[in-house]
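This report concerns only the one structure given below.
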Amino acid sequence: MGRKGMKWDLFISHASEDKGTFVKPLVLELIKRNIKVWYDEFSLSPGSSLKESIEKGIRDSDFGVVVLSKKFFEKKWPKKELNAIFTKELIGDSERLIPIWHEIELEEVFTESPLIADIVALNNKHLHIEEIARELAVKVSRQPFRLQDVKKRISLYLNTNKFDRKRLELEIFYRLDLLANFENESYEVPLYEEDEWELFVEEKNRIREKYKFPAGLYEFGEKIFKNEVREMKKSIKKWLHKKNTDEEIQEFAYNLFSWHDVDMYYVLFGYPNDLRSSEIASLLDDIIFAVGRKSKSIEPRPELILN
């Protein structure tokens with residue numbers, strides 16, 4: 001497998017000239033989303049074998065990315081080798097390899113390979129790096145979230161007895177403690193010098209492997225103090241046990257999503273923010289307000305829960 005026997009979520013094959021301008025910023029955004037990225041051994045330079053690079057990456061990773069750019073095509077890959085990298089014969093499942101167009105136009109890709117030009121790709125002309133990272137996080141996630149499954153889960157929050165609420169409370173507190181520890185450990189990772197940047201990525205990947213969070217969980221690496229965690233637990237307990245007035249639930253929601261930019265959708269419900277569809281996001285927002293209220297003046301939309 002990859003370094004130290006790790007199974008990677010994603011490898012990135014790229015021209016060495018694109019490493020600093022595009023690949024490194026993309027890697028940073030991916031590791032913020034709990035994606036284990038393998039990229040330093042796939043920086044292609046003259047004399048590299050494109051086919052061997054892809055074979056190596058796909059063997060030890062769930063998905064791969066090939067950054068297609070002017071510099072990539074300047075390597076003058078043999079047409080047969082270039083066209084082969086996206087075939088099922090090489091990678092088994094054509095959806096496991098994802099092309100990204102980096103500062104290159106359709107006509108330029110078509111000239112090099114009409115076959116590759118016909119494959120759906122991410123394009124940094126239309127998407128910011130953060131948006132590309134989010135698309136990749138959704139792609140590599142091992143637990144895509146269906147609306148019906150989310151509805152079934154959140155019904156537990158709305159129709160619970162005392163025992164079930166206590167169980168949910170323990171689950172939420174466990175995720176909060178785990179995420180706070182993760183953020184604090186990530187915060188301690190030093191910023192290495194430019195020529196040691198790979199060490200920074202390796203250490204971030206090691207921490208993610210340790211905590212085994214799902215892909216798509218966003219991380220900022222802020223310091224979180226124990227007293228802050230205790231206060232947040234008090235607020236969550238009051239919310240879960242339906243003890244808030246309308247004004248208090250508004251304040252709770254505001255504090256919830258300004259708290260260290262932590263992914264509170266994951267803390268409360270187990271669904272990472274980056275993997276939610278807009279419909280699921282709307283449903284979870286409604287549920288946050290519905291669960292904690294004493295007053296039933298504003299109910300969640302029934303069609304989202306009952307259908």
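By convention here, the first residue in the shown sequence is residue 1. Here the structure is a predicted model, which is why all the values come from computation and not from measurement. Both backbone and side-chain heavy atoms feed into the values below; hydrogens, waters and symmetry mates do not.
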Next on the checklist: Tell me whether the count of non-hydrogen atoms from other residues, nucleotides or ligands lying under 6.0 Å of CG in D118 goes above 12.
Outcome noted: no

Next on the checklist: If the threshold is 4.0 Å, N to carboxylate O, is there a salt bridge linking E171 and R153?
Outcome noted: yes

Checklist entry - At what distance, to the nearest 0.5 angstrom, does NZ of K139 lie from CG of L10? => result 11.0 Å

Checklist entry - Between R206 and E185, does at least one N-O distance fall below 4.0 Å, as a salt bridge requires? => result yes

Next on the checklist: In the structure I gave you, are the side-chain heavy atoms of Y211 and L179 within less than 4.5 Å of one another anywhere?
Outcome noted: no

Checklist entry - Sequence neighbours excluded, which residues qualify as salt bridge (Lys or Arg N to Asp or Glu O under 4.0 Å) partners of K243? => result none

Item to check | D62 side chain vs D9 backbone, donor-acceptor pair below 3.5 Å | outcome: no

Checklist entry - Step by step, would you call L256 with M232 a side-chain contact (heavy atoms from CB on, under 4.5 Å)? => result CA-CA 8 Å; L256 196 67; M232 179 52 70; 4.2 Å; yes

Checklist entry - Can we say E29 and R33 salt-bridge, meaning some charged N sits less than 4.0 Å from an Asp/Glu carboxylate O? => result yes

Next on the checklist: With rounding to the nearest 0.5 angstrom, report the NZ to CG distance, K125 to L122.
Outcome noted: 15.5 Å

Next on the checklist: side-chain contact (heavy atoms from CB on, under 4.5 Å), that's the test. Do Y174 and L178 meet it? Break it down for me.
Outcome noted: CA-CA 6 Å; Y174 173 77; L178 209 62; 3.9 Å; yes

Next on the checklist: Is the shortest side-chain heavy-atom distance between R175 and L268 below 4.5 Å?
Outcome noted: no

Checklist entry - Do you know which two heavy atoms are closest between V229 and A180, and how far apart they sit? => result CG2-CB, 3.9 Å

Next on the checklist: Which heavy atom of L68 sits nearest to which heavy atom of I116, and what is that distance?
Outcome noted: CD1-CG2, 3.5 Å

Next on the checklist: Please report the interatomic distance CG(L106) to CH2(W101), rounded to the nearest 0.5 Å.
Outcome noted: 4.5 Å

Item to check | Main-chain N/O of E103 paired with N124 side-chain donor or acceptor, under 3.5 Å | outcome: yes

Checklist entry - Nearest 0.5 Å, what's the NE2-CG distance between H102 and D18? => result 4.5 Å

Item to check | Heavy-atom check, side chain of E17 versus side chain of E74, under 4.5 Å | outcome: no

Next on the checklist: Taking NZ in K237 as the centre, count heavy atoms belonging to other residues, nucleotides or ligands within less than 6.0 Å. Is the count above 12?
Outcome noted: no

Next on the checklist: Assess the residue pair V27 and K24 against the criterion (side-chain contact (heavy atoms from CB on, under 4.5 Å)); give the C-alpha distance rounded to whole Å, side-chain angles, the decisive distance to 0.1 Å, and a yes or no.
Outcome noted: CA-CA 5 Å; V27 169; K24 284 176 65 173; 5.6 Å; no

Item to check | Where K223 and Y187 come nearest, the two heavy atoms and their spacing | outcome: N-CD1, 3.7 Å

Checklist outcome for this item: Looking only at heavy atoms, the pair that brings Y254 and S258 closest together is O-OG, 3.0 Å

Item to check | Closest non-hydrogen atom pair between F289 and A253, with its separation | outcome: CZ-CB, 3.7 Å

Checklist entry - Any side-chain heavy atom of I288 sitting closer than 4.5 Å to one from F269? => result yes

Checklist entry - Rounded to the nearest 0.5 Å, how far apart are CG of L26 and CD1 of I12? => result 4.5 Å

Item to check | Close side-chain approach of I172 and V267, heavy atoms under 4.5 Å | outcome: yes

Item to check | Presence of salt bridge, E131 and R134, under 4.0 angstrom | outcome: no

Checklist outcome for this item: salt bridge (Lys or Arg N to Asp or Glu O under 4.0 Å) filter on K70, not counting sequence neighbours, yields E108

Checklist outcome for this item: Residue pairs meeting ring pair (Phe, Tyr, Trp, His ring centres under 6.0 Å), one or both in residues 222-244, sequence neighbours left out, come to W239-F252

Item to check | Heavy-atom side-chain contact between L158 and V291 under 4.5 Å | outcome: yes

Checklist entry - Between atom NZ of K226 and atom CG of N181, what is the distance when rounded to the nearest 0.5 Å? => result 8.5 Å

Checklist entry - Does the pair Y157 and D164 meet the rule for a side-chain hydrogen bond (donor to acceptor under 3.5 Å, both in side chains), with working shown? => result CA-CA 9 Å; Y157 292 75; D164 288 334; over 6 Å; no

Next on the checklist: I want to check something: taking the side chain as every heavy atom from C-beta on, are I104 and F72 in contact at a cut-off of under 4.5 Å?
Outcome noted: no

Item to check | Main-chain N/O of L284 paired with Y271 side-chain donor or acceptor, under 3.5 Å | outcome: no

Next on the checklist: Could you tell me if the side chain of L97 sits less than 4.5 Å from the side chain of I119, heavy atoms only?
Outcome noted: no

Next on the checklist: Working note: L136 + I35, criterion side-chain contact (heavy atoms from CB on, under 4.5 Å); need CA distance, chi angles, decisive distance, verdict.
Outcome noted: CA-CA 9 Å; L136 292 173; I35 307 297; over 6 Å; no

Checklist entry - Can you name the nearest heavy-atom pair linking K75 to S16, along with the distance? => result NZ-OG, 4.2 Å

